[in-house]
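Worksheet for the structure shown next.
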Protein chains: 2
Amino acid sequence: MRTHRAILIAAALTAVTTAAWAQMKPEDAIKARQSVMRVIALNVGPMGAMVKGDVAFDAGVFATNAARAASVSTMALEAYFQEGTTSDDSRAMEEIWFNRDDFESRLEDLRDNLARLSEIAAGGDEAAMKDQFGEVGKVCKGCHDEYREDE
Amino acid sequence: MRTHRAILIAAALTAVTTAAWAQMKPEDAIKARQSVMRVIALNVGPMGAMVKGDVAFDAGVFATNAARAASVSTMALEAYFQEGTTSDDSRAMEEIWFNRDDFESRLEDLRDNLARLSEIAAGGDEAAMKDQFGEVGKVCKGCHDEYREDE
């Protein structure tokens, strides 16, 4: 009974969050995930430059970028990384489809760590922001090493 | 004196927000703006489907999407729409460079109206959400009619 209910709830949630994407064409799914990842990178990049000292640390800019990256990471990446959407236009590797649980757990790690970065950045503690930025970097690198083709 | 200070402040803000993009290659600027616009569209699309009644209205999903669209719209679109980045890979029209003030004022309208949509959506008033969504739609259409090539 509990399992049955859990399945119903899961089905309802999936319907709400992915209904619009269920019929997404592979090329649209690829563009969607690439856009989300690029927007995250456009926000992470300047934070990385501040952490490395390439540009002056600005806690306000850092917090804004962290909030934007966290927000965008909650989009339907599971749906955009649909099985079978390997393509010459995409660096996503087919290992994603073979290790779906691991891949989705890494997406959750990304969201959790970006949300934490955004929270910490709102507090303005520069050292804590830099530490947590390092954690985000590990999650990015870990997943890219496993599931993204080298350029 | 006031003018001088305003100029200094504006210069400092510009340095902080666009330093990382000042040296952006045209192809990177094009990808950046297309990614931002696509992420906005990926969030606006499901809201539009709810407003039209194509899918059931879900105030929580609507509010989440509105917040994400508002957040992403604050990115450095002025820098991504750099003068001279007209391209076969982009529908941005060169009229943008000739009417820079009008174009940037439309970007501000977009941000203002998305921020307002996000605020209203957080309140959960369905009729107000639909009204304000209409205002956002007008801003999108107005700018696309002027500055985006038809497909």
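In what follows, chains are A, B, ... by sequence order, proteins preceding strands, each numbered from 1.
Residues B:M93 and B:F103 are members of separate hydrophobic clusters, defined by side-chain heavy-atom contacts under 4.5 angstrom among Ile, Leu, Val, Met, Phe, Trp and Tyr. Hydrophobic clustering keeps B:V36 apart from B:I30 (ILVMFWY residues linked when any side-chain heavy atoms are closer than 4.5 Å, directly or through intermediates).
If you tally non-hydrogen atom pairs under 4.5 Å between each of B:R68, B:Q34, B:K31 and chain A, the highest count goes to B:R68. Between chain A and the residues B:A32, B:A49, B:S71, B:A56, the most heavy-atom pairs under 4.5 angstrom are made by B:S71.
The line from CZ of B:R33 to CG of A:L42 is 13.0 Å long, rounded to the nearest 0.5 Å.
No more than 12 heavy atoms of other residues, nucleotides or ligands sit less than 6.0 Å from atom CG of A:D101. Heavy-atom contacts from other residues, nucleotides or ligands closer than 6.0 Å to CZ of B:R116 number 12 or fewer.
For the pair B:R38 and A:V39, the minimum side-chain heavy-atom distance is 4.5 Å or more.
At a 4.5 Å heavy-atom cutoff, B:M37 makes no contact with chain A through either its backbone or its side chain.
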